[in-house]
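Because the structure is a prediction, the values reported are computed rather than measured. We're numbering straight along the sequence, starting at 1. One-based numbering, in listed order, for ligands and for the atoms of each.
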Amino acid sequence: MTTTTPATRYETVIGLETHVQLLTERKMFCDCSAAYADAPPNTHVCPVCMALPGVLPVMNRKAVEFTIMTGLALNCEIPPFAKFDRKNYPYPDLLKGYQISQFDMPSTQNGWVEVQVEGEEPRRVGITRAHLEEDTARLTHKEGADGESYSLIDMNRSGVPLMEVVTDPDMRSAEEAREYLLKLRQILRYMGVSNANMEEGNFRCDANISLRPVGSAEYGAKVEIKNMNSFSAVYNAIQYEVRRQTEELDAGRVIAQETRGWVEDVNEAFGSDFAKGSTVSQRSKEGAHDYRYFPEPDLPPLTVDLSYVEKIRAALPELPDAKRARFQSEFGLSLYDANLLVETRAKAAFFEEAVAAIEDPTDAGRLRFARLIANWMIGDFTRLLNANETELADSRVTPKRLYAMISLIEQGTITGASAKSVFEEVFRTGGDPAAIVKDLGLEQIGGSDEISQIVDKVIEANPKPVADYRAGKQEAVKFLVGMSMRETKGRANPATLTEILKQKLEA
Ligand SMILES: [Zn+2]
C-alpha cells in the first residue's frame, strides 16, 4: 500500500482534436445541401461528393469565412496564404481514396482560449490550428440472415464542411478537457457556425493522452482515444486512460503509442469508479507521413486579404467571456451568476432585453432591478424550463413580462410569495402579470386593518402557542406567523404581519 497518489507521481498531458461540422447551406466542394440529418440515405449527392471521375471541386466560401471567424474567436493568426492538401488513406467511407484537408498551411493557427475549472485559476489552452476539411460518408455495419456481415454506405455526409480544431498538449486533467470542450462549443454556438452537438455527431472529439514523471520536460508516449460520443464519455475515457497508464508505468511497462477506442460498459477493471467503460486497443498510431500528404492540384491556394479578415472580425458577436465580464462590471453580478446568464446567446439576450425595460432612472434602482432579473432567471425561470423540458426560445415568458412582474413586487402590489404563483401562471399562459394578479386575487393585503382581523382570528384559534409566547417562549411566534400567512394565502407582507402579531401578543 502506497500513500503516494498518481497525481503527485505523474503529470497528465492532454491535447484534443475536435471535428466540427459547419452550418453552411452547401457542402464543401459541391452544391449539394449540407442539411442531410433527416434525409433518406444517398439523396444529397452529386458526381463531386460521390467522387465520380472527371469532376472538379469548387470551394465553399462560407466555410472559409466560418473557419476564419472561429480562428479569430480563438485568438489565432490568420495567415495571408492557405492551401488545401490531399490526405491519402484507404477506407470505404472515403470515396475518393483521399480527403481534402489542410496540412502545412492551415487557414488559422497559434491561438488560445481561456478555460477555468471551478475552484481553480483560469488557464490558457493553446490552439495549434483550426483548419478546414471535408467530412466522410457514413458506414453502417449489418449482419445478414446467413450470419455474414456487410456494410451499407450513406453518402449524404460525404463532403460536408468540417473544421478541425487542434489544441496544444496543454490540458492537465479530465476536468480541464471538459471545460475546454464546453467553452469551444459555447463559442461556436454564439457565432452560429455549428450546432456543435456531440450526440448528433456534428461535434466529435479525439483525445491524445500521455503521462510523464512530474518535473519532466519530455512528453510520454501518446495514446489517442476515439469514439467518445458525449461530454461524459470524454471525461470518463480520460479518467480511465490516466488510471490505466499510471498502472502500466508503475508496473515498469512501456506505454505503446497507439489508438484506442472508448467502449462503454465493457469491464470493471478499476472497480465501480470506472464501471462506465474502458479504452480498447485498436491499432498502432500512424505518423503523418503515412498519409502521403500533397497539395490538392484541383483547388487554387487561398489568398486572404487583411481587409477581409478585419471585416469578419468587426462582424463577430460579443463572445461569452467579454459578455460575462461586462455583465459583472455593468450590473455588479457575481462571476457565478454572470456565467449562468451568458451560458447561451439567447439567455444573455433575454437578460439584456429585460434590463433594457427597467424604468427606474437611478443607478441604484437599475442595479437592484438587474439583480432581481438575474435572480428570477437563474432561479424560478430555469427551474420551470427544466421541469417542462422547454428551451428559453420556446418559452411564453418574455423579458418585458418578467420585468413587469418584478415591478409588481417592488411596488408592493404582490408579495414575494405570491410572485411565485404569478410567475408560474405567466410561464404557463404568457399572460400579463398585472391581469393575472387580478384574476387570481393575489393583490397584497395593504391595510393593517385587514391583517389585524386575520391575526385576531389566529390568536383566538391557537391559545396554546399564544400562552407559550406570553410565558417567554419566543419561538412560538414563528408558528403563529406561519398560521397567519397561510390565512392570507401569502398575500401579506411578512414583516408587517409579524409586527402586528407581536404588538397584539404583548398588549
Ligand atoms: Zn455533392
Peer 1: Check residues 58-69 and write down every donor-acceptor pair under 3.5 Å in which the side-chain atom is one partner and the other belongs to a residue at least two apart or another chain.
Peer 2:
residue : atom : partner : partner atom : Å
N60     : OD1  : K62     : N            : 2.9
N60     : OD1  : A63     : N            : 3.3
N60     : ND2  : R26     : O            : 3.1
N60     : ND2  : K27     : O            : 3.1
T67     : OG1  : A63     : O            : 2.9

Peer 1: List for me each residue that meets ring pair (Phe, Tyr, Trp, His ring centres under 6.0 Å) alongside F350, sequence neighbours excluded, and say none if there are none.
Peer 2: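 Ring pair (Phe, Tyr, Trp, His ring centres under 6.0 Å) check on F350 returns F381.
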
Peer 1: Quick one: salt bridge (Lys or Arg N to Asp or Glu O under 4.0 Å) pairs with a partner in residues 151-165, sequence neighbours left out?
Peer 2: D135-R157

Peer 1: Would you compute the distance between atom CG of D85 and atom CD of E296 and round it to the nearest 0.5 angstrom?
Peer 2: 8.5 Å

Peer 1: Rounded at 0.5 Å granularity, tell me how far CG in L184 sits from CZ in R189.
Peer 2: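 Answer for the CG-CZ pair, L184 versus R189, is 10.5 Å.
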
Peer 1: Would you give the length of the straight line joining atom CZ of R178 to atom CD of Q239, rounded to the nearest 0.5 angstrom?
Peer 2: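 Separation between the atoms: 8.5 Å.
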
Peer 1: Could you grab the protein N, O or S atoms closer than 2.8 Å to the Zn ion (ligand 1) for me?
Peer 2: C30 SG, C32 SG, C46 SG, C49 SG

